[in-house]
> 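Below are the structure tokens for one structure; questions will follow.
The structure displayed is predicted, hence computed values, not measured ones.
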Amino acid sequence: LTTEIMTRLRFDNETKNKVVTLVALHDSPIMVNGNTCPDKKRLKKIMSKIGKDLIFDLIHIKYCDNSAQNPQYFRGEDFYKTTYSMIDDIINQQECFSIKDLKINGNDLISMGYKGKEIGLILDKVLEKVINETLKNDFKEICDYVSSAYKPKP
């Protein structure tokens with residue numbers, strides 16, 4: 001619906017893509033069930049999808065959406081300040097939240113014998129493990145994990 005309306009109103013493709021992305025993700029959870037503060041891992045997962053430029057817009061939309069609901073459900077200013085601060089920390093500390101932030105890349109995997117689509121699949125899985133903190137973003141540790149978890153296809 002968003003795409004249709006924005007096309008009819010003749011928005012440029014860049015603006016349309018940003019708005020469609022933000023609308024699609026505006027209900028994505030940023031907390032773990034039962035917790036009252038944002039979850040860093042969830043924020044990183046969202047950032048891996050939309051990047052660091054749109055994440056602040058998304059949180060602002062979530063704030064506006066939340067503040068327009070019944071006041072008893074409003075999370076409060078501190079919740080959103082904490083969220084913004086957590087995102088700033090992720091960016092400033094250069095924490096890994098995208099494939100380009102990994103200490104390994106496609107060329108490294110090619111040199112290990114991997115080919116084609118399996119490279120992307122492996123990088124996606126490594127990123128997921130790094131974000132979930134089950135694997136350190138360390139070249140040797142990632143290489144060891146990849147070698148033990150995946151066998152290159154002939």
Side-chain angles (χ1 to χ4, degrees), residues 1-3 14-112 114 116-152:
L1 191 59
T2 306
T3 304
E14 182 181 351
T15 302
K16 189 172 19 174
N17 291 337
K18 286 180 181 179
V19 172
V20 167
T21 299
L22 293 170
V23 168
L25 292 174
H26 88 280
D27 271 339
S28 56
I30 59 173
M31 301 181 316
V32 175
N33 289 340
N35 205 340
T36 57
C37 61
D39 183 69
K40 193 177 207 178
K41 292 175 191 175
R42 287 195 185 211
L43 288 172
K44 286 182 180 182
K45 286 178 185 177
I46 295 170
M47 290 172 74
S48 76
K49 291 179 186 174
I50 65 173
K52 64 182 176 185
D53 296 333
L54 278 184
I55 189 70
F56 291 104
D57 292 337
L58 179 64
I59 300 305
H60 188 72
I61 288 169
K62 291 174 98 38
Y63 169 81
C64 293
D65 187 35
N66 186 224
S67 64
Q69 295 173 6
N70 185 327
Q72 79 182 52
Y73 297 111
F74 182 60
R75 291 191 180 95
E77 300 286 333
D78 288 343
F79 175 84
Y80 292 98
K81 285 180 184 176
T82 300
T83 305
Y84 285 120
S85 177
M86 198 175 282
I87 294 166
D88 280 335
D89 288 346
I90 291 168
I91 293 168
N92 293 335
Q93 294 174 13
Q94 299 179 340
E95 293 186 38
C96 181
F97 61 85
S98 71
I99 287 176
K100 67 180 172 74
D101 297 329
L102 290 172
K103 300 292 183 188
I104 194 169
N105 61 40
N107 290 330
D108 297 321
L109 294 176
I110 289 169
S111 70
M112 294 170 67
Y114 299 97
K117 291 181 182 180
E118 70 182 327
I119 292 172
L121 297 172
I122 291 169
L123 289 172
D124 286 339
K125 190 63 175 176
V126 168
L127 177 62
E128 180 184 329
K129 288 189 160 295
V130 169
I131 287 174
N132 288 327
E133 299 174 355
T134 56
L135 183 66
K136 283 174 53 180
N137 190 18
D138 174 78
F139 182 78
K140 183 177 177 352
E141 191 169 324
I142 293 171
C143 287
D144 291 345
Y145 163 73
V146 169
S147 294
S148 67
Y150 302 94
K151 301 299 174 218

> Less than 4.5 Å apart, side chain to side chain, heavy atoms only: is that true for Tyr63 and Thr83?
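No; the side chains remain at least 4.5 Å from each other.
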
> Would you say Thr2's side chain and Val20's backbone share a donor-acceptor pair under 3.5 angstrom?
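Answer holds: no.
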
> So Lys62 and Ile59, do their side chains get closer than 4.5 Å, heavy atoms only?
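Of all side-chain heavy-atom pairs linking Lys62 with Ile59, at least one is under 4.5 Å.
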
> Would a distance-only check, ignoring hydrogens and angles, find a side-chain to backbone donor-acceptor pair under 3.5 Å from Thr82 to Asp78?
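Yes, Thr82 side chain to Asp78 backbone: donor-acceptor pair under 3.5 Å.
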
> Can you check side-chain contact (heavy atoms from CB on, under 4.5 Å) on Leu109 and Tyr150, steps first, answer last?
CA-CA 11 Å; Leu109 294 176; Tyr150 302 94; over 6 Å; no

> Measuring from atom CD1 of Ile131 to atom CG of Leu127, what distance do you get when rounded to the nearest 0.5 angstrom?
4.0 Å

> So with a 6.0 Å cut-off around NZ of Lys103, is the heavy-atom count from everything else above 12?
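No, the 6.0 Å shell around NZ holds no more than 12 heavy atoms from other groups.
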
> Please name all residues satisfying salt bridge (charged side-chain N to carboxylate O under 4.0 Å, His left out) with Glu118, sequence neighbours left out, ordered by chain then number.
none

> When Glu95 is tested against each of Lys136, Lys52, Lys44 for salt bridge (charged side-chain N to carboxylate O under 4.0 Å, His left out), which residue passes?
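Result: among Lys136, Lys52, Lys44, Lys44 is the only option passing the salt bridge (charged side-chain N to carboxylate O under 4.0 Å, His left out) with Glu95.
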
> For Asn132 and Thr134, indicate whether the former's side chain and the latter's backbone hold a donor-acceptor pair under 3.5 Å.
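Pair absent, no side-chain N/O of Asn132 close to backbone of Thr134.
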
> Side-chain contact test, heavy atoms from C-beta onward, threshold under 4.5 Å: evaluate it for Ile142 versus Asp108 and give yes or no.
no

> Looking only at non-hydrogen atoms, find the nearest pair between Met31 and Cys37 and report the distance.
CG-O, 3.6 Å

> Where the side chain of Asp101 meets the backbone of Ser98, is there a donor-acceptor pair that is under 3.5 Å apart?
yes

> State, with a plain yes or no, whether a side-chain heavy atom of Lys16 is found less than 4.5 Å away from one of Thr3.
yes

> Just jot down the salt bridge (charged side-chain N to carboxylate O under 4.0 Å, His left out) partners of Asp39, sequence neighbours excluded, or say none.
none

